[in-house]
Amino acid sequence: MEILKKPEEMTAWSKRIAREDKTIGFVPTMGALHEGHVSLIRKARAENDAVVVSIFVNPTQFGPSEDYERYPRCFEKDAKICEAEKADAVFHPAVEDMYPEDHRTFIEVCELSNRLCGISRPGHFRGVATVVAKLFGIVRPDRAYFGMKDAQQLAIIERMNRDLCLGVRIVRCETVREPDGLAMSSRNAYLSAAERKQALAISRALRECEAKFAAGERKAMPLLKVMGDILAREPDIEVDYVAIVDPATLDDISEVKDEALAAIAVYIGKARLIDNTMLRAKSG
Ligand code: PAF
């Protein structure tokens, strides 16, 4: 497995792979890899000739009072995981190489970026869209793999990829959960044992919402209430949002027709955690 630090080295590597007529599967990450990332790498491995994982804690997607400085960084451990999962290359650039002094271009995916997490994290998705576009330009993948836990991020990247004709096939991957239901996240590392226990209310709320939906409830209000009530019982949880939205536009909906995204974001201790589930009226 090669570890490439300079964008131009990464691009040269990818061009060589393309010349050999091989496909590249790309897994963009900020490191602190967990089983969720591993599942993305495995899917990329199964569907492509070559696999690239990027490890880059992207400063432009963190707000001034967010966790950029303390975001877990464990490159040696992450590189071992990539190697064990048979990645062909890890791209691990320096901030100065991704954002040189004279970097002036940012990507704004309008409307979608101002909903849900975009309300409490202004500028976050501008940073995500910008870095993902840059990574696509550097790595030049055929396919890129993203987890559905970050449903809004995924919707924004899909739209950017389409609007800017980037030509990457975006592959949606199921959220990976701990055995007790907590969605895997690098930020779970911030939780104390007591907070982690309370954080289980997030997936419990989503499962209760699914159960109510399966029992025939289609109005958003009662679905939102069932989730809100479960979260409200936990003293250390501060709800950022509980929402039922159109999966394409991320607009709030009052009644579910075919499908809807039920999404939750909470603050708990030092962590901000998100999770979601897709509600589908018809199966399949
Ligand atoms: O989901 C993440 O880890 C990040 O937002 C991403 C897509 C790697 C961009 O920095």
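Ligands are counted one by one from 1 in listed order, and the atoms in each one are counted from 1 as well.
- Of the residues listed (Arg177, Glu178, His37, Lys149), the one engaging Met184 in a side chain to side chain contact (heavy atoms under 4.5 Å, CB included) is Glu178, and it is the only one.
- Residue pairs meeting the ring pair (Phe, Tyr, Trp, His ring centres under 6.0 Å) criterion with at least one member in residues 188-231, sequence neighbours excluded, do not occur.
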Run through all N or O atoms in ligand 1 and write down each protein N or O closer than 3.5 Å, as a pair with its distance.
residue	atom	partner	partner atom	Å
ligand 1	1 (O)	Gln153	OE1	3.4
ligand 1	1 (O)	Gln153	NE2	2.9
ligand 1	5 (O)	Gln61	NE2	3.0
ligand 1	5 (O)	Gln153	OE1	2.7
ligand 1	10 (O)	Gln61	OE1	2.6

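- For the side-chain hydrogen bond (donor to acceptor under 3.5 Å, both in side chains) test, residues two or more places apart in sequence or in another chain that qualify with Asp251 are Arg115, Thr249.
- Side chains of Asn161 and Glu158: no donor on one and acceptor on the other come within 3.5 Å.
- For Pro222, the side-chain contact (heavy atoms from CB on, under 4.5 Å) test picks out Lys212, Glu217, Lys219, with sequence neighbours left out.
- With hydrogens and angles left out, the side-chain atoms of Asn48 and Arg143 include a donor and acceptor closer than 3.5 Å.
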